[in-house]
Structures are given as structure tokens and as C-alpha cells.
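Order of appearance sets the numbers: ligands from 1, and atoms from 1 within every ligand. All of these numbers come straight from a predicted model, not from anything done at the bench. Worth knowing before you read on, the calculation uses all heavy atoms, side chains too, and leaves out hydrogens, waters and symmetry mates.
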Amino acid sequence: MIVLGLCGSLRAASYNTAALRAAGKLMPSDMRLEIDTLEEIPAFNGDVLASGFPAPVARLRERIARADGLLFASPEYNYSMSGVLKNAIDWISRPPDQPFHDKPMAIISASMGVLGGVRSQHHLRQSMVFLNGQVLNRPEVIIGQAQNKFDSAGNLVDDATRQIIVEQMAALRAWILRLKAVAPAVAAA
Ligand SMILES: Cc1cc2nc3c(=O)[nH]c(=O)nc-3n(C[C@H](O)[C@H](O)[C@H](O)COP(=O)(O)O)c2cc1C
């Protein structure tokens, strides 16, 4: 079972990327996390799209389509998801066969503030309502005061956070299996 991890932060020392890596280690043994980067996704431009998806976008769309599930790590910028993540979603979402449709997915977020980026999660969920992404409802993984939960090498050292990630990854596994067992209700846009 392949889960593709996408992070809305491009920082090398990103807490959100560190949280993705931790999730990869805390998954059930029959799941594998592959982390892709949004670094090469250009700024969305409908005129460019008119001549086709740029190569990095086309590659990412294919990778998402092939994955059994997605795991977003979403930093919160100004009470929303980062522009990097929203921009990538805007590209990937264009027809035909937009690959978020019916895709099982989960969200984690980390922030240095006490609310752990939860507002970014809600905006991301809202975009996925339109795109018919199948976002796992719970458990929610919201990592507040991330600077106290990761060590300087980016290892997740907070036991309670590790435990909730273990539980979310088990729930994502069950969610993927449940959705695989039923036919899609509607076709992709
Ligand atoms: C442009 C910008 C806006 C931010 N806005 C918020 C915010 O609304 N809420 C919050 O909790 N943190 C906010 N932060 C702090 C980030 O959550 C924090 O820098 C976090 O570590 C970024 O994620 P990363 O470590 O994965 O790069 C903001 C940071 C930046 C650069």
C-alpha cells in the first residue's frame, strides 16, 4: 500500500516534512510512505495550461493517481494552507481525470503556535470537498508548539504525538481498504 506524502513547506528543516517522515516510520508494516516535493511546481497560469500540464505537474498528477492514498502535511500561513500547497492543488485539480477524485487521504499539520496549523487543515478539507477527495475525519493530527516536539535533527520525540500518528496511520489504512472495496459513486471531473 503506497501513500504519497506531500508537504506545503519547502524548508529543509520543516516541521511538517519532519512530521511526514515520522508518519512514514509509524505506519503499519504493509504501508509505505513516498514523499514528493512541490518545489518544481510553477505558479498556476491558465495560459500555460492551455498548452498542456507542465512536466512537473504531469508527473505529480500521475504519481497521485497511482498512489493508494495521500498524506498531506500542511503548514499554516496566515490562517490558511500555504500558497505552495494551494498552488499545487490548483494545478493538479484541472480536468481531465483530476486525481484527487475519490482518493483516500489524511492530513497532518505542525506549527510553532499552540493551534498546530488546524486552520490550514480546515481550508485544505474545504478544497477537497470540491474535488471529492476522501479525507479521513479522525483522528486529527495537529502538532502545536512543534519546536518542543521535534529534536534538532527533526526526529519526533513527543510520545503523545507519536501515538496519535500511529492511530491516524492505522485509520488511514482502514480507510484506504474500505474505499477500495466500493465502486466510485460519481466519475471524476
Ligand atoms: C508567511 C507565514 C505565515 C504564517 N502564518 C501562521 C499562522 O497563521 N498560524 C500559525 O500557527 N503559524 C503561522 N506561521 C508560522 C509557521 O506555522 C511556522 O513557521 C511553521 O514552522 C512553518 O511550517 P514548517 O516548519 O513546516 O516550515 C506562519 C509562517 C509564515 C512564513
Original post:
Is it true that the side chains of S111 and E76 contain a donor and an acceptor less than 3.5 Å apart?
Top reply: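 E76 and S111 do not have a side-chain donor-acceptor pair below 3.5 Å.
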**OP:** Answer yes if the side chains of S120 and S74 hold a donor-acceptor pair under 3.5 Å, and no otherwise.
**Re:**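 The criterion, which ignores hydrogens and geometry beyond distance, is satisfied for S74 and S120.
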**OP:** Considering the heavy atoms of S9, write down every atom of ligand 1 situated less than 4.0 Å from one of them.
**Re:**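 Result: 24 (P), 26 (O), 27 (O).
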**OP:** Rounded to the nearest 0.5 Å, what's the gap from CE on M1 to CD1 on I176? Could you check?
**Re:** 5.0 Å
Subject >> Rounded distance (nearest 0.5 Å) linking atom CE of M128 with atom NZ of K103 >> reply: 11.5 Å
Subject >> Carboxylate-amine/guanidinium proximity below 4.0 Å for R173 and D30 >> reply: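 Looking at R173 and D30, the cut-off is met.
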Original post:
Crowded around R178 CZ? As in, over 12 foreign heavy atoms under 6.0 Å?
Top reply: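 No.
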**OP:** Measure across C7 and L38 and return the closest heavy-atom pair with its distance rounded to 0.1 Å.
**Re:** O-CD1, 3.4 Å
Subject >> Non-hydrogen atom of L115 closer than 4.0 Å to ligand 1 >> reply: no
Original post:
Do Q163 and D159 come close enough that some side-chain heavy atom pair is under 4.5 Å?
Top reply: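 Counting from C-beta outward, Q163 and D159 never come under 4.5 Å.
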How far is [atom] from the closest protein heavy atom, and which atom is that?
| atom | result |
| --- | --- |
| atom 21 (O) of ligand 1 | Y15 CD1, 3.6 Å |
| atom 6 (C) of ligand 1 | E76 O, 2.9 Å |
| atom 8 (O) of ligand 1 | Y79 N, 2.9 Å |
| atom 23 (O) of ligand 1 | N16 ND2, 3.2 Å |
| atom 10 (C) of ligand 1 | S111 OG, 3.5 Å |
| atom 31 (C) of ligand 1 | Y77 CE1, 3.9 Å |
| atom 22 (C) of ligand 1 | P75 CB, 4.1 Å |
| atom 5 (N) of ligand 1 | N78 N, 2.8 Å |

**OP:** May I ask you to identify, for S14, whether its side chain, its backbone, both or neither come under 4.0 Å of ligand 1 on a heavy-atom basis?
**Re:**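 It is both parts that get close, each with some atom under 4.0 Å.
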Original post:
Within the structure, does T17 bring an N/O atom to less than 3.5 angstrom of an N/O atom in ligand 1?
Top reply: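 Between T17 and ligand 1 (N or O atoms, distance only) the closest approach is not under 3.5 Å.
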